[in-house]
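The structure appears below as structure tokens.
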Amino acid sequence: MSGFVGILVSDPWLHNQFTQVELRSLKSQFTSMRRESGKLTVSDLASRMGKSKIVGDQNLTKEERSSLIQTFHPNLNDEVDFEFYLRIYLHLQAHVNAVIGSGVKNSSAFLKAATTTLLHTISDSEKSSYVAHINSYLSGDEFLSKYLPINPSSNDLFEVAKDGVLLCKLINVAVPGTIDERAINTKSMLNPWERNENHTLCLNSAKAIGCTVVNIGTQDIIEGRRHLVLGVISQIIKIQLLADLNLKKTPQLVELVDDSKDVEELLSLPPEKILLRWMNFQLKKSEYKKTVTNFSSDVKDAEAYTNLLNVLAPEHKNPSNLVAKHPFERAKHVLEHADRMGCRRYLTAKDIVEGSPNLNLAFVAHIFQHRNGLSTQTKQISFLETLADDTQISREERSFRFWINSFDSSLYINNVFEDLRDGWILLQTVEKVSPGIVNWKIASKPPIKLPFKKVENCNQVVKLGKQLKFSLVNIAGNDIVQGNKKLILAYLWQLMRYNILQLLKNLRSHSNGKEITDVDILDWANGKVRKNGSKTRMHSFRDKSLSDGIFFLELLSSVQPRAVNWSLVTNGVTDEEKKMNATYVISIARKLGCTIFLLPEDIIEVNQKMMLTLTASIMYWTLKQPCHLTGSPDTHSGSLLDDSTSDSSLE
């Protein structure tokens with residue numbers, strides 16, 4: 001069981017101050033410092049902690065650090081163990097937070113911030129709103145019926161979430177079909193491994209729909225760490241609420257722009273920006289003269305909301321709304337108006353005047369879903385007919401975008417073709433894949449005003465690709481700056497493939513430093529399936545027989561015998577049967593611990609690139625297991641755990 005629970009700290013209070021991800025990072029840091037001289041004393045801490053990125057970046061000089069440590073523990077000759085180090089770390093962090101007033105970020109900042117420790121708080125308003133959302137959308141679920149409705153004033157949400165089922169179901173509400181529910185463990189009493197599989201499935205599926213979960217592992221859900229669980233829930237709900245904010249789902253959004261050039265720009269905007277543009281478009285029809293730029297300070301006085309709802313639902317207009325002098329009174333009128341529209345949800349008058357960004361965003365998105373006020377006359381939609389509708393490009397863009405986002409919250413992008421054009425995030429991604437390769441002295445950091453600086457960044461991106469032996473015929477830095485879709489995707493595919501092969505090379509001790517090739521991956525997969533007694537074979541990554549999903553189920557069964565329930569597998573003859581198998585393959589792979597970004601259609605259509613990444617991800621997961629996995633829960637209980645978040649670069 002020791003492998004399953006992660007890093008243990010004997011003091012329960014101290015243990016609860018950190019996530020497992022944070023403990024692993026601090027343990028590694030502590031071990032590195034102690035390795036310098038074989039032991040670590042209190043007198044060593046000031047200088048050695050100064051090298052730490054976590055503490056060293058907190059505006060403390062060596063003298064300040066030394067003084068704080070000596071105040072905390074005057075005996076400088078005492079040897080430092082890990083728990084003492086954690087206490088010192090908390091002491092320094094508390095001082096820094098007090099001095100610079102950094103405080104603690106609210107849990108629902110969608111987990112894009114770097115890992116922070118100390119006083120993790122949650123918003124009761126947000127918790128209540130998300131509980132109401134869950135009670136509403138999952139009310140008909142047979143398995144969850146014994147837990148719902150959840151009391152929003154209690155902490156029952158975090159208890160219900162501990163077995164992972166609720167989070168998996170919520171992901172499927174946000175993006176239907178993401179998880180094959182046949183893969184979810186739903187017994188009334190789950191053992192630790194089954195519960196852990198649900199959490200792994202949940203976190204890998206959350207990544208696959210665009211959530212950023214770099215700071216959370218399965219153990220954090222098991223322990224019910226409220227700020228982290230609520231952070232994941234908030235992201236899932238946000239994705240659901242913003243799902244219609246694109247031209248594919250709501251082509252009437254083209255009404256917001258004037259010509260095809262503006263349509264291209266609209267296509268590149270993140271959904272939050274489109275929602276703001278829609279809101280300002282509607283406000284122009286009223287007497288409101290300001291421009292709303294955020295869902296916090298710009299809506300706190302409730303004037304924008306009053307005018308927006310008057311435009312969208314004039315039949316429910318109340319003249320007293322505009323003459324209300326106090327923002328709180330105005331906010332109450334807004335919610336009464338929304339109630340008459342059937343759109344009162346997610347926030348209170350207090351949340352409006354306090355400028356809660358997440359709840360205000362949810363409120364406006366909910367209004368958009370129910371009454372967007374856009375014309376049903378689609379004359380302008382003719383613009384869309386002139387735009388290339390390449391489904392394959394769209395799917396690959398999605399896969400590469402989520403892959404880049406999985407590395408680090410600082411690399412977050414909304415659109416591959418727009419957000420990579422200055423070369424900066426591409427350089428950061430190349431550096432993640434091949435550490436030390438980028439010459440940062442000649443790189444320009446955003447914001448980049450001079451066009452030639454963007455070209456210089458992208459020229460280095462291309463140069464580094466050639467250094468890594470990518471095939472980059474007729475690709476120049478300016479192609480990336482200009483947003484050439486096919487060339488950008490070609491580069492990203494080679495970067496992803498290089499990343500996978502390097503990870504496998506580093507794992508395979510018996511490779512003797514030799515490069516891993518596509519053929520090695522193919523041979524490994526066929527060998528595994530053959531040893532498992534199956535005659536199924538993959539002749540290449542474009543083998544059309546792969547479309548039924550059977551080979552991948554055989555492969556998953558060979559690396560984890562209990563993974564596949566064969567009674568649920570179809571013959572894979574009809575399109576519907578193939579889709580059922582493909583969805584099951586993806587969910588089982590994620591449940592084991594593979595972070596993959598393909599869709600069922602990629603298997604059905606045998607997308608060669610995605611077949612390679614799927615096979616390589618299964619191979620990578622397998623080779624990470626102790627003794628390459630024997631199939632017994634006792635031998636691999638820890639291996640399914642948290643690495644789903646820590647090795648996000650593969651996948």
Side-chain angles (χ1 to χ4, degrees), residues 210 260-270 273 387-502 597 607-610 612-613 648-651:
S260 56
K261 184 177 180 181
D262 290 334
V263 171
E264 287 275 14
E265 180 191 353
L266 191 66
L267 285 167
S268 70
L269 289 177
K273 296 291 185 184
L387 300 175
D389 180 24
D390 194 320
T391 304
Q392 186 63 39
I393 284 181
S394 177
R395 286 215 304 262
E396 289 192 11
E397 187 277 334
R398 173 191 178 277
S399 295
F400 293 134
R401 170 163 36 98
F402 291 161
W403 174 66
I404 290 173
N405 289 345
S406 74
F407 278 103
D408 191 311
S409 57
S410 65
L411 299 185
Y412 195 88
I413 59 173
N414 289 294
N415 185 289
V416 160
F417 307 123
E418 292 298 321
D419 297 348
L420 301 183
R421 289 171 65 169
D422 63 12
W424 179 256
I425 288 182
L426 264 178
L427 286 172
Q428 289 182 297
T429 307
V430 173
E431 180 72 15
K432 289 282 186 183
V433 170
S434 183
I437 194 173
V438 175
N439 183 353
W440 295 109
K441 293 180 180 179
I442 62 172
S444 299
K445 186 176 181 179
I448 304 173
K449 295 182 180 180
L450 299 174
F452 77 90
K453 290 291 184 182
K454 297 180 182 179
V455 175
E456 285 180 350
N457 277 356
C458 293
N459 281 340
Q460 185 179 180
V461 167
V462 173
K463 180 182 177 182
L464 296 176
K466 291 177 179 177
Q467 192 174 321
L468 296 174
K469 299 181 180 179
F470 295 175
S471 175
L472 298 175
V473 180
N474 298 325
I475 297 182
N478 196 50
D479 293 314
I480 299 174
V481 176
Q482 296 300 319
N484 186 308
K485 294 182 179 181
K486 291 190 176 180
L487 295 183
I488 290 173
L489 292 179
Y491 187 96
L492 288 175
W493 160 240
Q494 293 182 81
L495 186 61
M496 177 189 273
R497 179 178 171 277
Y498 176 85
N499 181 211
I500 294 169
L501 297 181
Q502 286 303 113
F597 301 108
N607 180 324
Q608 180 183 357
K609 297 174 184 176
M610 295 300 116
L612 172 58
T613 59
S648 58
S649 55
L650 166 63
E651 305 141 31

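For reference, positions follow the sequence shown, starting with 1. It should be emphasised that the depicted structure is a prediction, and the values quoted were computed from it without experimental measurement.
Across every non-hydrogen atom of Met496 and Thr613, the tightest pair is SD-CG2, 3.6 Å. Nearest heavy-atom pair across Ile442 and Asn457 is O-OD1, 4.3 Å. The nearest pair of heavy atoms linking Phe470 to Leu495 is CZ-CA, 3.6 Å. The two atoms that bring Cys458 and Val481 nearest to each other are SG-CG2, 3.7 Å, heavy atoms only. Between Gly483 and Arg421, the shortest heavy-atom contact is N-NE, 3.9 Å. For Phe402 against Gly210, the heavy-atom pair with the smallest separation is CE2-CA, 3.4 Å.
Distance check, rounded to the nearest 0.5 Å: CD of Glu431 to CZ of Phe407 gives 11.5 Å. Rounded to the nearest 0.5 angstrom, Leu464 CG and Leu427 CG are separated by 6.5 Å. A distance of 11.0 Å separates CG in Leu487 from CG in Leu492, rounded to the nearest 0.5 Å. With rounding to the nearest 0.5 angstrom, the CG atom of Asn478 is 10.0 Å from the CG atom of Asn484. Distance CD/Glu418 to CD/Glu397: 10.0 Å, rounded to 0.5 Å. With rounding to the nearest 0.5 angstrom, the CG atom of Asn414 is 9.5 Å from the NZ atom of Lys273.
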**Item:** side chain to side chain contact (heavy atoms under 4.5 Å, CB included) assessment of Phe400 paired with Phe597
**Value:** CA-CA 8 Å; Phe400 293 134; Phe597 301 108; over 6 Å; no
**Message:** side chain to side chain contact (heavy atoms under 4.5 Å, CB included) for Arg401 and Arg398? Distances and angles first, verdict last.
**Reply:** CA-CA 5 Å; Arg401 170 163 36 98; Arg398 173 191 178 277; 4.0 Å; yes
**Request:** Take Asp479 and Val462 through the test side chain to side chain contact (heavy atoms under 4.5 Å, CB included) and record every step on the way to the result.
**Result:** CA-CA 10 Å; Asp479 293 314; Val462 173; over 6 Å; no
**Message:** Could you walk me through whether Tyr491 and Leu420 satisfy the side chain to side chain contact (heavy atoms under 4.5 Å, CB included) test, starting with their C-alpha distance in whole Å, then the side-chain angles of each, then the deciding distance to 0.1 Å, before giving a yes or no?
**Reply:** CA-CA 12 Å; Tyr491 187 96; Leu420 301 183; over 6 Å; no
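A salt bridge (charged side-chain N to carboxylate O under 4.0 Å, His left out) with Glu396 is found for exactly one of Lys609, Lys485, Lys486, namely Lys609.
A donor-acceptor contact shorter than 3.5 Å links the side chain of Asn405 to the backbone of Ile413. The backbone N or O of Val430 lies less than 3.5 Å from no partner atom in the side chain of Ser434, so there is not a single donor-acceptor pair. Under the 3.5 Å distance criterion, the side-chain polar atoms of Gln494 are matched with a main-chain donor or acceptor of Ser471.
The side-chain heavy atoms of Gln460 and Val438, taken from C-beta on, include a pair separated by under 4.5 Å. Taking the side chain as every heavy atom from C-beta outward, Trp493 and Leu612 approach each other to under 4.5 Å.
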